Amino acid sequence: MTSNMESLDIRVVGGGVIGLTSAIALAEDGHRVRVLSRDAADDTTSAVAGGLCWPYRIQPYERAVEWSVRSFQVLAALAGRPEETGARMVTGTMTATAGGGRGASGKAGDGVEDGLAAWYDAVPGLRRARADELPEGHASGWRARTPLVDMPAHLRYLERRLTAAGGAVERREVTSLEEAGAAADVVVNCSGLGARALVPDPEVHPVQGQLVIVENPGIEEWYVSADAGATDTTYLLPQPYGLVLGGTAQENAWSREPDPAVAEAIVARCARRFPELARARVLAHKVGLRPARPAVRLTAERLSGGVPCLHNYGHGGGGVTVAWGCADEVLRMVRAVQEDRGPVRR
């Protein structure tokens, strides 16, 4: 939907999935948008993400579920063109541990009381898993068909879509938000982990995730067992480029170098669920740093020069899951800026 107000010059800092979706929402609304990113899309944290659309390690949880529902709708539509968009609809199982502990939702239990009611309603056909569909040691779980995104392919699609809407991506490092706003009407800060130094915001910190990509022996469904706050998780995500095995969630770990012992443990955990994986050929090892924060920062302020700055960072492990919902929020904030400014004069 295009706004009736005069368009603005907007600089979006950050070229990952959060920055690109925000930029697309603004460009498709008629604004002149330029994304400033030091890294190519394939080198961002987003490119390492497993790509499953499901709320995970992100706060505030109730709002994150609302954002996730919006992203589910967008990604499900894009899944009709998987080769172009990188999005597919894939069936899988999300488990909860025995004893009713906290599941991947981040809330206790596994019923509608756990804060996921809106998410459950948004996922067509979601149902409780039968006992014979659960691995040993798991008391309950869910069967669902959800978007699973090939992130490198999806990021390339997002860049093409931004360009088609009249936006552009500029490869350069941003040393300050004021610099980014020097020739802009609005700055949108989607710098992820970079916000720690750029804002600066000391609450931003990495949650390191290590993955192993193996040759897929024929597994077609995704599987996740990931308690909130757990350092070690178990998940399998079938992607066109291989089967993604995970994973880890190490708070405040900055290294991007794969640890061979951790990789071995990841494969062993996954092989307990699917024994054939113990013999699968390893294709790659990857490490990503999730840009975590106690809660997503999605707020507006004015920089020292008076330019409005909209912050959209701190999405932790839920970036692809909430990206489109957060992009809608950014668009609403930009429209509020337009209303406050009145006509733009040059």
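Not measured: the values here are computed from a predicted model. Along the sequence shown, residues carry numbers from 1.
- To the nearest 0.5 angstrom, Cys326 atom SG is 9.0 Å from Met333 atom CE.
- The structure places CZ of Arg88 at 12.5 Å from CG of Leu75, a figure rounded to the nearest 0.5 Å.
- The residue from Arg161, Arg160, His154 that alone fulfils the side chain to side chain donor-acceptor pair (under 3.5 Å) condition with Tyr157 is Arg161.
- Closest approach of Leu289 and Pro206 over heavy atoms only: CB-CB, 4.0 Å.
- Under a hydrophobic-cluster definition in which Ile, Leu, Val, Met, Phe, Trp and Tyr are linked whenever side-chain heavy atoms come within less than 4.5 Å, directly or via other members, Leu303 and Val12 are assigned to different clusters.
- Leu26 and Val307 sit in two unconnected hydrophobic clusters of ILVMFWY residues. Membership requires side-chain heavy atoms under 4.5 Å apart, directly or through other members.
- Looking only at side-chain heavy atoms (C-beta outward), Arg290 and Thr45 stay at 4.5 Å or farther from each other.
- Remark: Thr233 OG1 to Gln210 CD distance equals 11.0 Å, nearest 0.5 Å.
- Atom CG of Leu243 is separated from atom CD1 of Ile213 by 9.5 Å, given to the nearest 0.5 angstrom.
- Inter-residue side-chain proximity for Arg127 and Trp142 is flagged as unmet; no heavy-atom pair is nearer than 4.5 Å.
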| Under the salt bridge (Lys or Arg N to Asp or Glu O under 4.0 Å) criterion, do Arg63 and Glu66 qualify, and how do the steps go? | CA-CA 5 Å; Arg63 291 190 72 193; Glu66 295 175 7; 5.4 Å; no
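- Legend: salt bridge (Lys or Arg N to Asp or Glu O under 4.0 Å) pairs involving residues 241-268, not counting sequence neighbours, sorted by first then second residue: Arg57-Glu251.
- Here the closest heavy-atom approach between residue Ala76 and residue Pro147 is recorded as N-CG, 4.0 Å.
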| message | salt bridge (Lys or Arg N to Asp or Glu O under 4.0 Å) for Arg171 and Glu159? Distances and angles first, verdict last. | response | CA-CA 13 Å; Arg171 299 281 175 238; Glu159 287 194 331; 2.7 Å; yes
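- Using a distance-only test at 3.5 Å, with no hydrogens or angles considered, no donor-acceptor pair links the side chain of Gln239 to the main chain of Tyr241.
- The list of side chain to side chain donor-acceptor pair (under 3.5 Å) pairs with a residue in residues 70-80, not counting sequence neighbours, reads Arg70-Asp328.
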| query | When you look at Gln59 and Val296, which way does the side-chain contact (heavy atoms from CB on, under 4.5 Å) test go after all the steps? | reply | CA-CA 6 Å; Gln59 296 289 342; Val296 173; over 6 Å; no
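- By the side-chain contact (heavy atoms from CB on, under 4.5 Å) test, Ser191 pairs with Val13, Asn189, Ala195, Leu198, sequence neighbours left out.
- Under the side-chain hydrogen bond (donor to acceptor under 3.5 Å, both in side chains) criterion, Ser255 pairs with no residue, sequence neighbours left out.
- Under the 3.5 Å distance criterion, the side-chain polar atoms of Arg302 are matched with a main-chain donor or acceptor of Gly306.
- Under a hydrophobic clustering in which Ile, Leu, Val, Met, Phe, Trp and Tyr are joined whenever their side-chain heavy atoms come within less than 4.5 Å, directly or via other members, Val174 and Val188 fall into different clusters.
- The side-chain contact (heavy atoms from CB on, under 4.5 Å) test applied to Ala49 returns Met151, not counting sequence neighbours.
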For residues 217-224, dump all side-chain donor-acceptor pairs below 3.5 Å to protein atoms at least two apart in sequence or in another chain.
residue	atom	partner	partner atom	Å
Glu221	OE1	Arg143	NH1	2.6
Glu221	OE1	Arg143	NH2	3.4
Glu221	OE2	Arg143	NH2	3.1
Trp222	NE1	Val90	O	2.9
Trp222	NE1	Thr146	OG1	3.4

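- Counting only residues at least two apart or in different chains, salt bridge (Lys or Arg N to Asp or Glu O under 4.0 Å) contacts with residues 38-48 comprise Asp42-Arg156.
- For Arg34 and Asp9, the salt-bridge test fails: no basic side-chain N is under 4.0 Å from an acidic carboxylate O.
- Grouping the Ile, Leu, Val, Met, Phe, Trp and Tyr side chains by contacts below 4.5 angstrom, directly or via other members, places Val214 apart from Val244.
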| task | Evaluate the criterion side-chain hydrogen bond (donor to acceptor under 3.5 Å, both in side chains) for residue pair His138 and Ser225; output intermediate values, then yes/no. | result | CA-CA 9 Å; His138 290 75; Ser225 177; 3.0 Å; yes
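- Not counting sequence neighbours, the partners of Asp232 by the side-chain contact (heavy atoms from CB on, under 4.5 Å) test are Thr248, Arg269.
- A chain of hydrophobic side-chain contacts below 4.5 Å, direct or via other Ile, Leu, Val, Met, Phe, Trp or Tyr residues, connects Leu298 to Leu20.
- No donor-acceptor pair closer than 3.5 Å links the side chain of Glu28 to the backbone N or O of Ala25.
- Residue pairs meeting the ring pair (Phe, Tyr, Trp, His ring centres under 6.0 Å) criterion with at least one member in residues 299-334, sequence neighbours excluded, are His311-Tyr313.
- Ser7 approaches Gly30 most closely through the heavy-atom pair CB-O, 3.0 Å.
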| task | Evaluate the side-chain contact (heavy atoms from CB on, under 4.5 Å) criterion for residues Ser46 and Leu155: first the C-alpha distance (whole Å), next the side-chain angles of each, then the deciding distance (0.1 Å), finally the verdict. | result | CA-CA 8 Å; Ser46 297; Leu155 291 167; 4.0 Å; yes
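- With hydrogens and angles disregarded, a donor-acceptor distance shorter than 3.5 Å links the side chain of Thr321 to the backbone of Trp54.
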Do any side-chain atoms of residues 271-286 form donor-acceptor pairs under 3.5 angstrom with protein atoms, and if so which ones, sequence neighbours left out?
residue	atom	partner	partner atom	Å
Arg281	NH2	Glu215	OE2	2.9

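- With values rounded to the nearest 0.5 angstrom, Glu83 atom CD is found 11.0 Å from Asp150 atom CG.
- With rounding to the nearest 0.5 angstrom, the CG atom of Leu78 is 11.0 Å from the CE atom of Met89.
- Looking at Leu148 and Pro238, their side chains come closer than 4.5 Å, going by heavy atoms from C-beta outward.
- Taking Ala323 as the reference, Val17, Ile18, Thr21 meet the side-chain contact (heavy atoms from CB on, under 4.5 Å) condition, with sequence neighbours excluded.
- Within the structure, every pair that satisfies the salt bridge (Lys or Arg N to Asp or Glu O under 4.0 Å) test and touches residues 193-206, not counting sequence neighbours, is listed here: Asp201-Arg293, Glu203-Arg293.
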